[in-house]
Structures are given as structure tokens and as C-alpha cells.
A.B. asks: 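Quick one: structure below, then a few questions.
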Amino acid sequence: MDEQPRLMHAHAAVGMSGHPGLAPHIPDNTGAADGDGRKQDIGDILQQIMTITDQSLDEAQARKHALNCHRMKPALFNVLCEIKEKTVLSIRGAQEEEPPDAQLMRLDNMLLAEGVSGPEKGGGSAAAAAAAAASGGVGADNSAEHSDYRAKLSQIRQIYHTELEKYEQACNEFTTHVMNLLREQSRTRPISPKEIERMVGIIHRKFSSIQMQLKQSTCEAVMILRSRFLDARRKRRNFNKQATEILNEYFYSHLSNPYPSEEAKEELAKKCSITVSQVSNWFGNKRIRYKKNIGKFQEEANMYAARTAVNAASVSAHGSQANSPSTPNSAGGYPSPCYQPDRRIQ
DNA sequence: TGGGATGATTTCTT
DNA sequence: AAGAAATCATCCCA
């Protein structure tokens, strides 16, 4: 490598200016200075170029060197440069300028939203919080699951960034390698900077398609993690004893009409630390199960009825009405342990 | 570990 | 849309 790489444009400027001596095995026809001689020269050079790949490496190197030193080389090189420039330009006009990839944008947006590709904090826990909110969870017991989710997410995040870095490094290394190769080749064949640029573009596109696969699989991993997280939250937890008692108290003290209003539901929900829809679910289940098997609930009904009676007695003794949703409304203040089908349950 | 209890979900009805 | 009824999925205790 005793020469500087000569790119196409630089070389074009050199033009027909003189070139050092000939290789020993190439016949010196300069003296003839006629057209046939030059044709012969060019024919020889082209022939050698065509057969260069059939030769051994050493042989080829020697031949390459000989070609480089040939006096006709600059002229031929210029001609090739011109031809190639025209061809490349016409080819290039037809391609390139693809539209921005919508799929890639979607993946990027999702990775950002899930906190994988964005800043370290916030995103992941925000997504987790959103998931928690969406599930309408009871709360309190989910901090462990929450941190588990975050830990797994940060694991995914770490893998993603490591892989991304690896790809970028590999891409840079490969690009440098190819550029060096092209520069080296530009000594013997016309290669324009634009062509190198184009090649770099091709390499980058290839690597970005690999990156896209990485992004896709990362997205899938996040989705799986997230669905598992939501499933875990959907896991049924029995309400605590106190909550069940509050709900039962209301149910049996309103046995004649066990349909709490929205306000009553909200108050019960607050008291039991559950959601309004959970209160609705509970009453829905309770009504249907009570109705299906009144006998089984007899004992329970009696117990709550007695309790309610005691409460009512103590309330009246204090001369004030409780504003609790469990305030009995049944006639006589002692709801019948037996189901009275006078209202909605049917 | 089986089976009843129970909270949630789905489908149907009013 | 609210509730009834059926069903699913999980809990939890003997």
C-alpha cells in the first residue's frame, strides 16, 4: 500500500498526466504511437482485469501492481470513471428515498411508552401504574408484584440496550471495513464517494432491519410481561373479614330490597376499601346465591338480623340515627331470616 | 388434594 | 344500563 487511495473525482483531475514505468511483462508499445498499438494496450489491460480473479492471490497482487503502474492506466481509469458515473447516476435516480417506516415508528413509540427506550425512570413504573389502575385492583398487596414487574421490565430494557449497542458497534465496524475495502479498491476501479455513501446507506439499512427485529422481539417481551402482570392482578383475593361483614350486614338488613343505591354502594366501597363495581359484583353474587339456597344462608341471616337488632336498639337508646348504609329499613327493624320475595329478587 | 366458597366475567333479560 | 343467571378461576380448609 504505497499509494494514497485515489477516489474517482480526485483521479479524474489527474487525467492523462504521466505515469511511471511499465511492468516488465507488458509490451512497450509507446514507441509505435499508432492507434492499433493503443488498442492492443487497452485490450491487454482489459484482458488482465478480466482474468485477475482466476489467479492466485500473489499472482493477482503482482498483476494488480503491474496494472497500477501501467502508463495507460490513468486514461483508461478516467474513461471508466465517466462511464460509471453516468451509469450510477441513472441507476440511482430510480431508487432510494423510501418513506419512513410506519412499523418502525410504531415499535419506537411503543418502546418509548413502555419505558424501554426512553429515560430510565418514569416510563416503566408509569406503565405499571396504568396497568394497576386499569385492573381496578384492591391495592395494598400489589407493591411486591409492582416491583417484580419493574425488575423484569428493567431486565428487558438492559438486554435491549446491550443488544442495540452491539448492533451499532458491529454496524460501525462493518461500515469502516467496507469503506476501507472500497477505498483500497478505488485504486484499481472507479469508485465515487457517492458510491461509498450509497454502500454505507445499504449497510445501515441492513443493520436497521436487524435492529427492527430486536425492537419487535423486545415489544413482544414487554407485551407478554404486561399481560402476565395484569393476569396476576386479576387473581381473585377474598375480601377481608371486616369487609365481608359490612357487606353482609347491609345485605341482611335490607333483605326485603337488597339493592343498594349508587350512593350506598360508594359508601360501602369506601368502608370496605374495595371498588364500587366490586360492591356490585358482591351484591349480584350474594342475591343469586341467597335466592338459590335460602336454607343454607338461614343461620347467617339470623346472626346478622340479631346483630342488626342489637345495633338498632343501641342507636335508639342513644337517641340518634346512624347514617350508616347498614341502617335497617325492614319493617319492624328485624329483617326476617327467611327470604321475602316481595321485591326484586325473582 | 378435592371440593365448597367466593370474586370476577360473560351472556342473557328486562 | 342494571340486574339475573351461568360460568370461570382461584382461594382455602378439612
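Numbers restart at 1 for each chain; the letters A, B, ... are given by sequence-line order, proteins then strands. The structure displayed is predicted, hence computed values, not measured ones.
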A.B. asks: If you check the A:K292 side chain, which of C:dA6, C:dA4, C:dA5 turns out closest?
C.D. replies: C:dA6
A.B. asks: What's the CZ-C1' distance between A:F283 and C:dG3, to the nearest Å?
C.D. replies: 14 Å
A.B. asks: Does C:dA4 have its OP1 or OP2 closer than 4.0 Å to a side-chain nitrogen or oxygen of A:Y290?
C.D. replies: no
A.B. asks: Looking at residues at least two apart in the chain, or sitting in another chain, which of them share a salt bridge (charged side-chain N to carboxylate O under 4.0 Å, His left out) with A:E163?
C.D. replies: A:K166
A.B. asks: Starting from C1' on C:dC13, measure out to NZ on A:K241 and report it in whole angstrom.
C.D. replies: 15 Å
A.B. asks: Please enumerate all residues that pass side chain to side chain contact (heavy atoms under 4.5 Å, CB included) together with A:M303, with sequence neighbours excluded.
C.D. replies: A:R307
A.B. asks: Is the distance from OP1 or OP2 of C:dG3 to the nearest side-chain N or O of A:K291 less than 4.0 Å?
C.D. replies: no
A.B. asks: Could you list the residues that satisfy side-chain hydrogen bond (donor to acceptor under 3.5 Å, both in side chains) with A:S277, not counting sequence neighbours?
C.D. replies: A:T275
A.B. asks: Could you go through nucleotides 2-6 of chain B and list every protein N or O atom that sits under 3.5 Å from one of its N or O atoms, giving the distance for each pair?
C.D. replies:
unit_1 : atom_1 : unit_2 : atom_2 : d
B:dT6  : O2     : A:R236 : NE     : 3.0
B:dT6  : O2     : A:R236 : NH1    : 3.3
B:dT6  : O2     : A:R236 : NH2    : 3.0

A.B. asks: Just to verify, what does A:E300 make a salt bridge (charged side-chain N to carboxylate O under 4.0 Å, His left out) with, not counting sequence neighbours?
C.D. replies: A:K286
A.B. asks: A:N281 side chain N/O closer than 4.0 Å to the phosphate oxygens (OP1, OP2) of B:dA8?
C.D. replies: yes
A.B. asks: List for me each residue that meets salt bridge (charged side-chain N to carboxylate O under 4.0 Å, His left out) alongside A:E262, sequence neighbours excluded, and say none if there are none.
C.D. replies: A:K265
A.B. asks: Quickly work out the A:I288 CD1 to C:dG3 P distance and round it to whole Å.
C.D. replies: 13 Å
A.B. asks: Establish, with yes or no, whether the OP1 or OP2 oxygen of B:dG7 is under 4.0 angstrom from a side-chain nitrogen or oxygen of A:Q278.
C.D. replies: no
A.B. asks: Separation of A:N240 atom CG from C:dC11 atom C1', in whole Å?
C.D. replies: 15 Å
A.B. asks: What's the shortest heavy-atom distance between A:L268 and A:I246, and which atoms?
C.D. replies: CD2-CG2, 3.7 Å
A.B. asks: If I take atom CG in residue A:N285 and atom P in nucleotide B:dG7, what distance separates them, rounded to the nearest angstrom?
C.D. replies: 7 Å
